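Note that these values count all heavy atoms, side chains included, but never hydrogens, waters or copies made by symmetry. In what follows, chains carry the letters A, B, and so on, assigned in the order in which the sequence lines appear, proteins first and then strands, with residues in each chain numbered from 1. Here the structure is a predicted model, which is why all the values come from computation and not from measurement.
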Amino acid sequence: MFAIVDYDTGNTQNLKKALDYLQIENRLTADPTTILQAEAVILPGVGAFKPAMQALEDRNLVSVLKQVKEKQIPMLGICLGMQLLFESSEEYGFTKGLGFIKGQVKAIPKRQLKIPQMGWNQNQTFIKTSFPIDQRYTYFVHSYYADCSLENIVAGVDYGQLIPSLVQNGKVIGMQFHPEKSGQVGLDLLKNFQRMVNEDDFSRN
Amino acid sequence: MLAKRIIPCLDVDDGRVKKGVNFVNLTDVGDPVEIAAEYQKQGADELVFLDISATNQKRQTTINMVEKVSRQVFMPLTIGGGIKSIADMDRLLKAGADKIAINSAAVSNPKLISQGAQKFGNQCIVVAIDVKKIADKFIVYVNGGQKKTDLDAITWAKKVVELGAGELLVTSMDKDGTKDGFDIELYQALNRVVDVPIIASGGAGEVKDFSQVFLEADVDGALAASVFHFGELTIEDVKKFVKSKGVVVR
């Protein structure tokens with residue numbers, strides 16, 4: 001069973017619908033025992049970094065997620081949920097994140113671009129991965145991005161600069177885009193995550 | 001670089017797609033789930049559902065429809081038509097909509113834009129604007145294009161973005177139904193004053209109309225209804241052509 005962490009941040013129903021469609025057994029839950037017994041934990045999220053961290057803390061979920069990491073349970077953060085995996089964010093002032101992947105969350109520099117980045121962008125992979133993402137388009141809605149080390153960037157998109165779209169640190173994976181809104185490509189990525197969990201294959205070779 | 005979006009628009013009444021859709025492979029021409037799935041297969045980048053239901057009871061059916069579509073179709077869904085309150089938005093978003101388009105209600109109650117943006121995020125709030133050119137000025141119309149306002153469309157667009165609109169869906173009433181191309185001048189004027197995505201609507205007839213509005217007015221998306229519904233053009237036809245003209249599409 002995959003646990004989708006329920007902490008009242010935006011719409012998690014569409015993610016659940018995608019997992020249901022793929023027949024991946026899942027539960028929307030904030031219960032520590034359920035989360036710690038799950039095969040994999042999915043951290044969704046829409047909205048701003050600071051209230052989301054606060055919502056996790058209010059439900060004592062920060063320590064639960066730290067145990068998930070320690071127990072090596074595979075974890076997938078999506079959109080804001082991916083950003084929470086990093087050490088900190090500058091959105092509405094400095095806020096500490098979960099710190100599972102090294103890096104800071106920063107505002108996308110405005111330049112001549114429209115912010116948020118909203119729409120379909122083409123991914124390019126930087127390290128070998130089983131995720132079928134290279135050259136594929138996925139759907140993004142975000143104003144902040146993860147400024148992190150290249151060694152954690154599996155794939156990225158060009159939006160005035162490199163924006164990491166798929167990040168990984170061992171069994172911790174993050175997707176900046178919305179796989180549940182990225183058509184067949186997104187469904188294929190979620191399916192691949194399920195395969196990685198089932199086969200315990202998080203290698204990048 | 002973001003791909004330009006091609007967006008089919010579907011009119012729904014009482015949870016059913018109206019104005020018939022002529023795809024040969026559909027078993028039920030009014031079933032929103034089947035039609036949405038077909039558009040996803042064709043490569044649509046997003047779907048807009050415009051609720052033309054006249055009663056609250058029928059609107060409830062639309063909410064159920066959104067719920068059903070979002071179980072089978074995994075791309076961004078925008079719902080517009082008759083949305084008047086934060087509670088209306090909340091119900092539709094919970095049912096599975098990604099964005100809410102408001103039109104007449106935004107004119108009569110501009111606070112709805114800022115309240116919606118604060119509660120759900122700017123990216124959820126699309127302001128739809130129906131525009132008619134009168135004596136060299138772009139004028140805003142409401143109530144499905146039936147009622148003229150005294151608002152200048154360019155000024156109004158600027159204002160709704162300040163209030164928190166994350167996207168504009170702008171229909172040229174002069175072009176709508178003519179199939180002789182999008183209103184390039186209107187979108188150029190809008191693009192000069194706002195920095196949120198603009199979706200052009202009204203006038204699509206041929207593939208070159210799409211490349212023209214992307215290349216000359218730099219809009220972010222182009223919406224069409226009848227040319228897609230009646231199979232005159234497929235999403236694939238449009239994408240293939242605009243790509244050959246140098247427009248980035250998925």
Checklist line | Structural part of A:Val141 lying under 4.5 Å from a heavy atom of chain B | finding: side chain
Next item on the list: Identify which of B:Gly221, B:Pro197, B:Gly166, B:Gly43 forms the greatest number of heavy-atom pairs closer than 4.5 Å to chain A.
Entry: B:Pro197
Margin query: Less than 4.5 Å to any heavy atom of chain B: does that hold for the side chain of A:Ile163, its backbone, both, or neither?
Written below: neither
Notebook entry, point to check: Side chains of A:Tyr21 and B:Gln72: closer than 4.5 Å at any heavy-atom pair?
Noted result: yes
Note to self: Does any backbone or side-chain atom of A:Lys110 lie under 4.5 Å from a heavy atom of chain B? Answer side chain, backbone, both or neither.
What the structure shows: side chain
Checklist line | Sidechain-backbone polar pair: A:Lys181 side chain, B:Phe74 backbone, donor-acceptor under 3.5 Å | finding: no
Margin query: As an exercise, state the distance from OG of B:Ser70 to NZ of A:Lys16, rounded to the nearest 0.5 Å.
Written below: 12.5 Å
Check: Of all of B:Asn122, B:Val196, B:Val248, which one pairs up most often with chain A through heavy atoms under 4.5 Å apart?
Finding: B:Val196
Checklist line | Distance (rounded to the nearest 0.5 Å) between A:Tyr139 OH and B:Arg250 CZ | finding: 11.0 Å
Checklist line | Top of B:Gln123, B:Gln40, B:Met1 for chain A proximity - count of heavy-atom pairs under 4.5 angstrom | finding: B:Met1
Note to self: Does A:Glu199 have more than 12 heavy atoms from other residues, nucleotides or ligands lying within 6.0 Å of its CD?
What the structure shows: yes
Next item on the list: Determine, for A:Lys17 against B:Glu67, whether the closest basic-nitrogen to carboxylate-oxygen distance falls under 4.0 angstrom.
Entry: yes
Note to self: Does A:Tyr92 have more than 12 heavy atoms from other residues, nucleotides or ligands lying within 6.0 Å of its OH?
What the structure shows: no
Next item on the list: Look at atom CZ of A:Arg59 and say whether more than 12 heavy atoms of other residues, nucleotides or ligands are closer to it than 6.0 Å.
Entry: yes
Check: Got a sec: does the CD of A:Glu90 have more than 12 other heavy atoms crowding it under 6.0 Å?
Finding: yes
Next item on the list: Could you check if a side-chain atom of B:Leu2 sits within less than 4.5 angstrom of a side-chain atom of A:Met118, using non-hydrogen atoms only?
Entry: no
Next item on the list: Pick one of side chain, backbone, both or neither for B:Lys119, based on which atoms fall under 4.5 Å of a heavy atom in chain A.
Entry: neither
Next item on the list: Assess whether atom NZ of B:Lys68 is packed by more than 12 heavy atoms of other residues, nucleotides or ligands within 6.0 Å.
Entry: no
Note to self: Report which part of B:Arg5 has an atom under 4.5 Å of a heavy atom belonging to chain A: side chain, backbone, both, or neither.
What the structure shows: side chain
